[in-house]
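Right, one structure below, let's go through it.
The structure displayed is predicted, hence computed values, not measured ones. Order of the sequence lines fixes the chain letters, A, B, ..., with proteins taken first and strands second; residue numbering starts at 1 for each chain. Computed over heavy atoms, backbone and side chain alike; hydrogens, waters and symmetry mates excluded.
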Protein chains: 2
Amino acid sequence: MPVTIKDIAKVAGVSHTTVSRALNGNPAISFETTERIQQLARQMGYVPSAVAQSLLSRRTQTIGMVITTIADPFIVHVVEGAEQVAQEAGYSIFLNTSHNNPDQEMAVVETFQRRRVDAIIVTSSRVGSLYSSQLDQIKVPIVLINNQEEGEFLYSVAVDNFQGAQLATEHLLTLGHRRIGYVGAADRPKSNGQRLEGYATALSQAGLTLDPALVISPPAGTDLERGRASLETLRAEHATAAFCYNDLTAIGLLLECHQQGISVPQELSIIGFDDIEPALYTTPTLTTIHQPRFKLGQLAMTMTLKLLDGQAVQDQRLPCKLIVRESTSQRMTNGESQIANLKSKI
Amino acid sequence: MPVTIKDIAKVAGVSHTTVSRALNGNPAISFETTERIQQLARQMGYVPSAVAQSLLSRRTQTIGMVITTIADPFIVHVVEGAEQVAQEAGYSIFLNTSHNNPDQEMAVVETFQRRRVDAIIVTSSRVGSLYSSQLDQIKVPIVLINNQEEGEFLYSVAVDNFQGAQLATEHLLTLGHRRIGYVGAADRPKSNGQRLEGYATALSQAGLTLDPALVISPPAGTDLERGRASLETLRAEHATAAFCYNDLTAIGLLLECHQQGISVPQELSIIGFDDIEPALYTTPTLTTIHQPRFKLGQLAMTMTLKLLDGQAVQDQRLPCKLIVRESTSQRMTNGESQIANLKSKI
DNA sequence: TTGTACGCGTTATCAA
DNA sequence: TTGATAACGCGTACAA
């Protein structure tokens, strides 16, 4: 059993109140006894019980964080950003995964209630509608990161999907591409819609009309699989470039190109979204849209702590950045691309 | 403020003791009142306070988990495995990162003590020696995963580095390679040593003597950088194959080969260790040694819960598996490899 | 300057 | 079958 202030009190021959005050540096206690008790506490290996403190203060200094899966190279950095801010402020994080399972997500929220977390942060939730029913009962602030549901939530931090998609599409347009495919993700309706809009807007600003045949929504599967599946349509529609919903989709497409002997970027330019590490490991390296993942987490946690401090906060929308690497290049005619292709292989 | 049993008691017109019993299904309470109170509790949105329960039971149903960084594609799956087991058992995890910073790791352990976690799980710690001093004071069980320090610890789960390295080296030997380099990681002395031993043993069992010039320990840097840096020595020593400490190192080496126009596996076979996702995204895909990451986490948590249940446990050492992909191939003579190289490019 | 008494939300013991 | 009371570890209002 851990040492308590009563144990110290007994040894020091004072009341536990005095010990409490001495340890908290209460000026009412004489310098002598304060000194003596603090030393005693150290000797006895005293560590205050956050449990008891929480019961009294009605604050656990604890944040519940729910993510879809920790095995996501994107989310992981969001968590790290949040963790850093929390740790510095003396808060601890309960991390729980929902695996996009509504039941599990509800269970997680209930666990958080039992544990009396001071606030909840949710990333990329696709079951936001469920919250609204629970929301009334949950009294703690809920901050959403890259929320995937339509509807107004109290607090949210998100990336500017529209602007990011515009950047990506403009990049391809600048390179001379005219038949640009969009490989979407139907299971993330909100961000997918926003990115599609950015894509469409960039096209129309360039005086092009959107060809619905170039908007591809492969059936369910992993991001990687959907990327692979999209190649057939892209080829059939004579696309010379593709903007993918995210990097994993882009990598899937890239791998399929390798398999079918289609050279990237000579025959097809590919751009992703997210800027996860593996984008640097592919051949060619992946041009992509960088999301400030770490900052997203930091901001969400900062916002949360402000809320707990009674401060007013505003929703945040962070801009993306274009990262040009090797998977995109000037559009070529058929002949040009074949020659370039051969040259690149020598 | 959340609803308490006293609130319910007041509404129900009974004592809070009765409410507590009714909610816990105590058979001493009449079926009628039990029913009535449970319904009332549901209506009022009552959720028991884990904080208060913990204070009394001296159990928080909480596990502290410390990892070096969450941005590690290997560790992430370990955490997921642990999380799954914990969640099923009603335990929650406090996840904290140490960034290989001894001070921070000490701070994390102190936080865990304050929070009265029931046990602590530590992965890939390189500051194990620090624990021994704190260890005496910490009364909770500590389970180590892939511990990087020499010395006997109470409980540990680890992968069989020696066997994995043997597998890797034997694979290269079977392919006809004789000059096989080992690209190590000096900053993980224990696992690096074990993998080096496995490598050496496989060589000697094949009747070869280890050439120290082929054991490469690039100076500090990221895994990726060290992989890149190793190419020069590998070429100078006429290595036809390389066994890398981990996948990131192997990927670094692979990227450097691309940059210098050295084709893999025609001119150099490369094998990694870990089997992280990005190993599937490279060109060629990476042959590697699979570590049961998820299982490692599951096992560690299972062991922890057993300990908390007073059961005896035994240290675990899990075997690795060889995953053959495209980055390794039959050893070729210089001429052969150049021809194969050209062929592959057509 | 220090001590007494109480309460945070819950469960366990004892009494009714 | 139910209720009063104490206890878990801590902080604080009030009293001395």
*Nucleotide D:dC8, atom C1' - distance to NE2 of A:His16 in whole Å*: 12 Å

*Contact class for B:Ser57 (heavy atom, under 4.0 Å): base, sugar-phosphate, or nothing?*
nothing

*In whole Å, what is the span from the CG atom of A:Leu56 to the C1' atom of D:dA13?*
12 Å

*Are B:Ser30 and D:dT1 close enough that a side-chain N or O sits under 4.0 Å from OP1 or OP2?*
no

*Separation of A:Asn26 atom CG from D:dT12 atom P, in whole Å?*
9 Å

*Residue-level proximity of residues 47-55 of chain B to DNA chain C when a heavy atom falls under 4.0 Å*: B:Pro48, B:Ser49, B:Ala52, B:Gln53

_Taking A:Glu80 first and then A:Lys295, would you say they form a salt bridge - that is, a charged N and a carboxylate O separated by under 4.0 Å?_
no

*CD1-CG distance between B:Ile29 and B:Leu23, expressed to the nearest 0.5 angstrom*: 10.0 Å

*asked:* Please compare B:Arg58 and B:Thr17 by the position of their nearest nucleotide in DNA chain D and report the one closer to 5'.
replied: B:Thr17

*Walking along DNA chain C from 5' to 3', note the first and the last nucleotide with an atom under 4.0 Å from a heavy atom of chain B, and give both.*
C:dC8 to C:dT13

_Gap between atoms CZ and P, on B:Arg115 and D:dG9 respectively (whole Å)_ = 18 Å

*Validation row: A:Asp315, A:Val157 side chains within 4.5 angstrom (heavy atoms)*: no

*Verify, without hydrogens or angle tests, whether B:Thr4 (side chain) and B:Asp7 (backbone) share a donor-acceptor contact under 3.5 angstrom.*
yes

_Could you tell me if A:Arg115 and B:Ser92 have a donor-acceptor pair between their side chains, going purely by distance under 3.5 Å?_
yes

*Write down the distance between NZ (A:Lys6) and P (D:dA6), rounded to a whole number of angstrom.*
13 Å

*May I ask you to check whether A:Glu83 and B:Asn96 show a side-chain donor-acceptor distance below 3.5 Å?*
yes

*Under 4.0 Å: is that the gap between some side-chain N or O of B:Thr18 and OP1 or OP2 of D:dG3?*
yes

*Just checking A:Phe31: base, sugar-phosphate only, or nothing, at a heavy-atom cut-off of under 4.0 Å?*
nothing

*Rounded to the nearest angstrom, tell me the gap between atom CD1 in A:Ile8 and atom P in D:dG9.*
12 Å

*B:Gln314 atom CD, over 12 foreign heavy atoms within 6.0 Å*: no

*Are the charged groups of A:Arg42 and A:Glu35 less than 4.0 angstrom apart, N to O?*
no

*Would you classify A:Arg21 as touching base, sugar-phosphate or nothing, given that sugar-phosphate means primed atoms plus P, OP1 and OP2, and contacts are heavy atoms under 4.0 Å?*
base

_Distance in angstrom units between A:Asn24 CG and D:dG9 P, rounded_ = 17 Å

*To the nearest 0.5 Å, what is the distance between CD (A:Gln291) and CG (A:Asp274)?*
5.0 Å

*Take atom CD1 of B:Ile5 and atom P of D:dT5, then tell me their distance rounded to the nearest Å.*
16 Å

